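It should be emphasised that the depicted structure is a prediction, and the values quoted were computed from it without experimental measurement. Naming convention: chains lettered A, B, ... in sequence-line order (proteins, then strands); numbering from 1 in each chain.
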Amino acid sequence: MDDFNWQRMRRRTRNWFEQHQRSTLPWRDSQNPYYVWISEIMLQQTTVATVRSYFDRFIQAFPTVHDLARAEEAEVLKLWEGLGYYSRARNLLKAAQQLVAETDGCFPSSPEELQKLPGIGRYTAGAIASIAFDERAPIVEANTLRLYSRLLAYTGDPRSKQGQDQLWQFAEQVLPRKEIGNFNLAMMDIGSLVCKPTEPNCPECPLQTDCRAFAQQLQHEIPLKPVKPEFTYTVDAAVVLWHGQHLALRQYSTEERWAGLWDFPRFSLDAGLDKARIERENGHLGRLNTRITQQLLKAIEREFHARFDFPIQTAEIVTQMKHGVTRYRIQLICTEAKVADDSLPPDKNLTWVRPEELEKYPFSTTGRKLASLVQKRQKDRLLF
DNA sequence: AATGCGGGGTT
DNA sequence: AACCCAGCATT
């Protein structure tokens with residue numbers, strides 16, 4: 001670790017940054033801690049390309065931490081719709097309220113204090129401290145994890161405790177004395193644009209002569225990839241349920257995935273379906289013949305009654321979607337239905353809204369797609 | 001140390 | 001279709 005040529009690495013990193021840095025990123029225009037914070041939270045496990053379109057909208061809606069602190073959670077989630085990892089949005093609001101209450105909205109500048117805010121971990125604390133306040137704080141995230149693993153020729157698992165210790169130690173050692181924020185940004189850009197996951201562009205790399213992986217031609221083996229998790233395949237149902245002119249919606253509780261978001265009544269069909277028999281007779285659930293469709297509709301009516309405690313009458317399968325979350329691959333069967341007995345009191349877990357109100361609610365991505373479809377069908381007078 | 005949490009862009 | 005992404009919190 002001690003025999004790196006730190007001075008040379010810093011010089012070459014800075015020179016490269018002047019020539020090749022990713023510019024025109026809206027959050028790079030200032031060192032406003034609020035902007036840095038919002039962008040860093042949005043960028044957690046999320047690509048720059050995806051965040052671009054969300055950042056400006058968010059800042060426009062909540063220009064300062066005070067504006068954010070006053071917001072309703074649903075407003076924040078609405079702006080987060082489609083971005084994923086929604087606890088980020090809920091923590092953002094909590095942290096904003098905490099900051100306003102404790103320091104009148106002023107951000108602490110030290111990583112230790114920043115890390116006390118919900119949603120801010122070691123990386124994000126270091127990023128905000130260095131970028132917004134020029135504190136001498138190290139960072140390790142996806143780009144620098146890859147870059148530093150290769151510079152060190154670290155052949156172990158970089159996500160293990162040992163690996164993390166090595167990488168954070170390197171991240172601290174490599175820091176210059178000033179302009180820490182730009183230096184950290186430079187390292188991330190090198191990791192992102194040059195030291196890429198596949199086909200790292202070693203010939204163009206400013207740190208090639210300092211790279212121990214390159215010296216041993218190990219850049220394709222480092223960093224060690226995590227073993228890929230096995231997928232669990234499940235079938236879910238979503239019901240577009242009409243009660244007169246109103247539709248049933250449900251808000252996910254804090255214990256559920258998509259906590260705080262809204263959706264059409266949705267549940268697993270695995271228990272109510274003889275999947276083995278369906279696959280034997282139908283090949284797979286992708287192409288549904290008439291008989292399988294009837295079987296699905298019956299299963300949905302049965303499962304709905306069991307869960308929400310009143311009967312419905314299904315009409316047809318409106319659409320299907322496939323989507324994945326973490327280690328699940330979900331096939332979602334979307335049906336239209338009406339409450340079987342019109343005099344029945346609405347279930348207290350359900351909220352009844354008019355179709356034109358759908359766009360006000362923050363939905364999960366599949367819920368949003370289904371909501372759009374419902375509105376389109378309504379316009380085309382394809383009402384149930 | 002393992003696991004849950006999302007969704008879309010890229011290869 | 002697999003891979004990857006400016007991680008964090010909980011268990």
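Rounded to an integer number of Å, the gap from NZ of A:K228 to C1' of C:dC3 is 10 Å. Rounding to whole angstrom units, CG of residue A:L193 and P of C:dC5 are separated by 13 Å. Straight-line distance from the CD atom of A:E40 to the P atom of C:dG7: 9 Å, rounded to whole Å. Look at CD1 on A:I139: it is 10 Å from P on C:dG7, rounded to the nearest Å. Taking atom CD of A:E141 as the reference point, atom P of C:dC8 lies 10 Å away to the nearest angstrom. A straight line from CD of A:Q44 to C1' of C:dA9 spans 11 Å, rounded to a whole angstrom. Across the protein-nucleic acid pair, A:R146 atom CZ and C:dA6 atom C1' stand 11 Å apart, rounded to whole Å. Per the geometry, NE2 belonging to A:H323 stands 17 Å off P belonging to C:dA2, to the nearest Å.
Between C:dC3 and B:dG6, the two C1' atoms lie 15 Å apart (nearest whole Å). For the P atoms, the distance from C:dA9 to B:dG8 is 24 Å, rounded to whole Å. Rounded to the nearest Å, the gap between the P atom of C:dA6 and that of B:dT11 is 12 Å.
Residues A:Q45 and A:E199 each lie close to DNA chain B; by heavy-atom proximity, the contact nearer the 5' end of the strand is made by A:Q45. Across the interface with DNA chain C, nearest-nucleotide mapping of A:W27 and A:I120 shows A:W27 to be the residue nearer the 5′ end. Toward the 5' end of DNA chain C, the nearer of the two residues A:T198 and A:Y85, judged by each one's closest nucleotide, is A:T198. In this structure, A:S87 and A:R159 both approach DNA chain B, and ranking their closest nucleotides by distance from the 5' end singles out A:R159.
Dashed line: the shortest gap from a side-chain N or O of A:R329 to OP1 or OP2 of C:dA1 is not under 4.0 Å.
In 5' to 3' order, the nucleotides of DNA chain B bounding all contacts with chain A (an atom under 4.0 Å from a heavy atom) are B:dA1 to B:dT11.
Atoms CG and CZ, on A:L247 and A:R354 in that order, are 10.5 Å from each other to the nearest 0.5 Å.
Cation-pi geometry between A:R14 and A:F17 is not met: the NZ or CZ atom fails to fall both under 6.0 Å from the ring centre and inside 45° of the normal. Within the cation-pi definition used here (under 6.0 Å to the ring centroid, within 45° of the axis), A:R70 does not qualify as a partner of A:F62.
Side-chain contact check for A:T155 versus A:L224: every heavy-atom pair is 4.5 Å or farther apart. Taking the side chain as every heavy atom from C-beta outward, A:Y328 and A:T232 approach each other to under 4.5 Å.
Checked against the 6.0 Å centroid criterion, the rings of A:F308 and A:F304 qualify as a close aromatic pair.
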Which side-chain N or O atoms in residues 170-182 of chain A pair as donor and acceptor under 3.5 Å with protein atoms at least two apart or in another chain?
| residue | atom | partner | partner atom | Å |
| --- | --- | --- | --- | --- |
| A:E179 | OE1 | A:N182 | ND2 | 3.2 |

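Using a 4.0 Å heavy-atom criterion, one finds that A:R22 contacts the bases of the nucleic acid, with or without backbone contacts as well. Among the protein residues, A:W80 comes within range of no part of the nucleic acid, since none of its heavy atoms lies under 4.0 Å from any strand. Backbone-only engagement by A:P118 is indicated by non-hydrogen atom pairs under 4.0 Å involving sugar-phosphate atoms exclusively. Within the 4.0 angstrom heavy-atom criterion, only backbone atoms of the sugar-phosphate kind lie near A:A142; the bases stay farther away. Across all strands, A:L83 comes closer than 4.0 Å to base atoms (heavy-atom distances). A:V51 comes within 4.0 angstrom of no nucleic acid atom, judged by non-hydrogen atoms across all strands. Using a 4.0 Å heavy-atom distance criterion, A:S39 is classed as making no nucleic acid contact.
Remark: the A:E301 side chain and the A:T314 side chain contain an N/O donor-acceptor pair separated by less than 3.5 Å.
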